[in-house]
Every structure is written in structure tokens, then in C-alpha cells.
Amino acid sequence: AQSVAQPEDQVNVAEGNPLTVKCTYSVSGNPYLFWYVQYPNRGLQFLLKYITGDNLVKGSYGFEAEFNKSQTSFHLKKPSALVSDSALYFCAVRDMNYGQNFVFGPGTRLSVLP
Amino acid sequence: NAGVTQTPKFQVLKTGQSMTLQCAQDMNHNSMYWYRQDPGMGLRLIYYSASEGTTDKGEVPNGYNVSRLNKREFSLRLESAAPSQTSVYFCASIRQGYEAFFGQGTRLTVV
């Protein structure tokens, strides 16, 4: 079965510093990987995805993610964090067993401190 | 551009009461999904509908039923609510092979 791990419950970073939110996955076959962000009292918003191609994927709001097949990782990054980036971040993988459903990690809360 | 619309946004039920959560999407997507979100557990799939006229169980279907009324609408019903069903519920629709689009959620409390 597909699974996703996000090893950090919370990440704190100072505004202007680079940020990394970690994700590792376990899939059978080729991974379809996604990052979503959730702001308070809102639904999840799509940030970026990796299906195939370049290992460095660029997404919304200046975020990018690096796919590493040998380490089965898909870490989310941003060169310079903003206070407005503070939110809950979910890594997800498509699960072909449940109608191409998404399997989500537990989430990482990012706090960007001014 | 409404996307995915869920109603209601908030609901408080007494144990044993029933209710239906409504979801509609205007993006002409075939696949629709119901998730529940609990702290520290991410989102877990309750039921999904890969196309109009079909529904299937997900990871945590017990205590729930669904109806895919047409291509746009996918409802979730709690027949006899229990405190363990206190959660935030999200509906999503998915473009084949691409990302999911989520509603804003329904915060349900069962007392």
C-alpha cells in the first residue's frame, strides 16, 4: 500500500530564511507526488506535483520541490520564507488502489517568524 | 469560478441524529471524494465515486453512506451520528491524472 511520512510535526523558520518541509513516500510503481497547503478554516490548495520529468518541480507562491528517487523523498522548499507562508502543509501520493485517490501524510505545521 | 462547494460549513449534532453533507463541483470532473481530517492523521478517504453512477468504499467507510446524484453532486450521509464522527469533512473532485480540488470543509461536532 502507498504511504507518506512527514517526519516533522512543526517547522519554525525566520522570515527571509530558506525553508524545507520534508516528505518521504512508499509506493509500488512510479510515484505521483503532490504538495498541498491548508490555511486556517480553509480547504487544501494545490501547490505543485511531480509526475515525470525534471526532479526539481516549481509550483505556486515561489515553492519548489525536489524529487529524489533513491531516497524516496519529495521535500518542499522555498528560498526565502514569508510570514504569510505560515500554514499546514501536506504531502500526498496517488493511490491506484482506491480510484486514484490521494494518500496524505499527517501534515507539517510551518511557522514563519517575523 | 465556484470550484467545489460544500454545505453546511458548521454543524452540531446530538448522538444518534442523522444528517447529509452536500458537495457540488462545476468543473465537469468524473471523480469525487469524501475525506475526513483529524488532528495528526492527515486526510483519510471515506468514500469515492470514480464516475457518475458508481461509488466505492475508502479507508474509513463505517457509519457513512454516499450518493452520487449526478456528475456534479456527491453527498455524504451520517445515519446515526456518533462522537467518533466529530471531524472536519472535505469533499474533493479530481481531474483525471492531475491535482485534486477541495471544498472549504464542514466542521461537524457530535455531542
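Every heavy atom of this structure was used, including side-chain atoms; hydrogens, water molecules and symmetry mates were not. The structure displayed is predicted, hence computed values, not measured ones. Here is how names work: the chains are called A, B, and so on, in the same order as the sequence lines, proteins then strands, and each is numbered from 1.
By the 4.5 Å heavy-atom criterion applied to side chains, Phe102(A) and Tyr33(B) are not counted as neighbours. For the pair Gln37(B)/Leu88(A), a side-chain contact is recorded, criterion being any heavy-atom separation below 4.5 Å from C-beta on. Taking the side chain as every heavy atom from C-beta outward, Asn41(A) and Arg107(B) approach each other to under 4.5 Å.
Surrounding CG of Asn70(B) are more than 12 heavy atoms belonging to other residues, nucleotides or ligands, all under 6.0 Å away. The 12-atom threshold is exceeded at CZ of Arg77(B), counting heavy atoms of other residues, nucleotides or ligands nearer than 6.0 Å. Shown here is Lys22(A), whose NZ atom has no more than 12 heavy atoms of other residues, nucleotides or ligands within 6.0 Å.
Gln38(A) touches chain B through its side chain: at least one heavy atom from C-beta onward sits under 4.5 Å away, while N, CA, C and O do not. In this structure, no portion of Phe101(B) lies under 4.5 Å from any heavy atom of chain A.
There is a path of hydrophobic side-chain contacts, each under 4.5 Å, that joins Tyr36(A) to Tyr35(B). Taken together through direct or relayed side-chain contacts under 4.5 Å among Ile, Leu, Val, Met, Phe, Trp and Tyr, Phe34(A) and Tyr89(A) form parts of separate hydrophobic clusters.
Each of Met41(B), Gln104(B), Gln6(B) has some count of heavy-atom pairs under 4.5 Å with chain A, and the biggest count is that of Gln104(B).
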